[in-house]
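This report concerns only the one structure given below.
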Amino acid sequence: MIDLRSDTLTRPTDSMRAAMASAEVGDDVYGEDPTVRRLEERVAELFGHEAALFTPTGSLANVLAVRSLVGVGQEVLCESSAHIARAELGAHGAFTGLTMRTWTDPRGQVALTAIEGLFAPDMGPFFVETTAISVENTHNFAGGAVLPLADLQALRSWTSDMGARVHLDGARIWNAHVATGTPLDAYGAIADVVAVCLSKGLGAPIGSLMIGSADAVAEARIWRKRLGGGMRQVGILAAAGLHALDHHVERLADDHANARLLAEACGVDPAAVDTNIVVAQRPDAAAFVAAAAEAGVRISAVGPRAVRLVTHLDVSRAEAEKAAAVLAGL
Ligand SMILES: *Cc1c(COP(=O)(O)O)cnc(C)c1O
């Protein structure tokens, strides 16, 4: 089976497992795990922020990040298929007590005119107050689309004028970085808080980080514990993340090339595939997924007429070529 359902499916490599096994550890709730500290400091520096916090999931990193900008009864604006709106099971409403309003863009892009129309500054006891805008780069449900740096900078400058703040869901920011050559700190500079995942394309078995100011991260540390995410000798997992940063960033270019190959085989314009995710339209997505599985390729349906293919560390060029031949023949 060639498994193209998600880039979360990767298994740690032998050398990653060796790095994990030999990690120096301590109790991270006491702030005494040297490997976690190294990872947090390194990632904060990569994005040009003061501090970072290791979390078990990207969903928790997003909850902590967004709640640092948006309080009870306030709102965050985001694109309508954003992960925070669709795929975190209502965590932001359930835990933070915020609401969301959305704009819709088929490529998940920053639609500044729509955002200006939605934005509601404090208008007294009438309307929900907007305090933050959230953007997702790359955009998962828009097929791994990259948000151009210039658009993010324009958003940043507009929010600064309006007194609003910016959250970047950067679960796959590494893919955007490799696909465009944009430095990570340039992405860091357009947001007050960033969430990044180590467990997607980077191939770690678990782990994400919330990145921001020292104050925001100190408060997030309290909320992480409150929500049950305080972890102990977790350097064993942080070591996997450090190993991934050393060895699995630049190779994302291979995943992007494999995704373009698969796009072509599925009749999708490869030029429209920015990174490692291909979304293809099929009259009956479920039937196509079943036929692909029958032929040895696992993909997922993301709508009644849409299928999704994701390339990753555990799919070699030869496997991508084989999957492309299978899918082209269906
Ligand atoms: C995967 C993902 C997350 C976090 O997901 P977890 O499964 O909770 O780690 C957040 N945002 C985006 C865009 C994602 O794709």
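All ligand and atom numbering here is 1-based and tracks the order in the structure.
- Between Glu40 and Arg221, at least one side-chain N (NZ, or NE/NH1/NH2) sits under 4.0 Å from a carboxylate O, which counts as a salt bridge.
- Looking at Asn62 against ligand 1, only its side chain comes within 4.0 Å, counting heavy atoms.
- Polar contact check, Glu88 against ligand 1: no nitrogen or oxygen pair lies under 3.5 Å apart.
- In terms of protein heavy-atom proximity, atom 13 (C) of ligand 1 is nearest to Glu136 OE2, 3.2 Å.
- If you check which protein heavy atom lies closest to atom 2 (C) of ligand 1, you get Lys200 NZ, 2.2 Å.
- Ion pairing between a basic and an acidic side chain is recognised when a charged N comes within 4.0 Å of a carboxylate O; Arg317 and Glu321 show such pairing.
- At a threshold of 4.0 Å, the pair Arg107-Asp274 counts as salt-bridged, since one of the basic side-chain nitrogens sits closer than that to a carboxylate oxygen.
- Of the protein's heavy atoms, Ser59 OG, 2.6 Å lies nearest to atom 8 (O) of ligand 1.
- Protein heavy atom in closest approach to atom 11 (N) of ligand 1: Asp169 OD2, 2.7 Å.
- Considering backbone and side-chain atoms alike, Ser208 places every N or O at 3.5 Å or more from each N or O of ligand 1.
- Under a 3.5 Å cut-off, the side chain of His177 and the backbone N or O of Thr182 do form a donor-acceptor pair.
- Checked against a 3.5 angstrom limit, the closest N/O atoms of Leu60 and ligand 1 fall outside it.
- With Thr311 contributing its side chain and Asp255 its backbone, the two residues share a donor-acceptor pair below 3.5 Å.
- For His139, the closest heavy-atom approach to ligand 1 does not fall below 4.0 Å.
- Nearest to atom 9 (O) of ligand 1 among the protein's heavy atoms is Gly58 N, 2.8 Å.
- Listed by number with element, the atoms of ligand 1 under 4.0 angstrom from any heavy atom of Thr57 are 8 (O), 9 (O).
- Contacts classified as side-chain hydrogen bond (donor to acceptor under 3.5 Å, both in side chains) and involving residues 281-309 (residues at least two apart or in different chains) are given here: Asn140-Arg308.
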Below 3.5 Å, can you tabulate the donor-acceptor pairs from side chains in residues 239-250 to any protein atom, sequence neighbours excluded?
| from | atom 1 | to | atom 2 | distance (Å) |
| --- | --- | --- | --- | --- |
| His243 | NE2 | Ser15 | OG | 3.4 |
| Asp246 | OD1 | Arg42 | NH1 | 3.1 |
| Asp246 | OD1 | Arg42 | NH2 | 2.9 |
| His248 | ND1 | Leu202 | O | 2.8 |

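- Ion pairing between a basic and an acidic side chain is recognised when a charged N comes within 4.0 Å of a carboxylate O; Arg67 and Glu219 show such pairing.
- Looking only at heavy atoms of the protein, atom 10 (C) of ligand 1 is closest to His83 ND1, 3.3 Å.
- For ligand 1, one of its N or O atoms has an N or O atom of Arg172 under 3.5 Å away.
- In summary, the aromatic rings of Phe95 and Trp223 are positioned with their centroids too far apart to meet the 6.0 Å limit.
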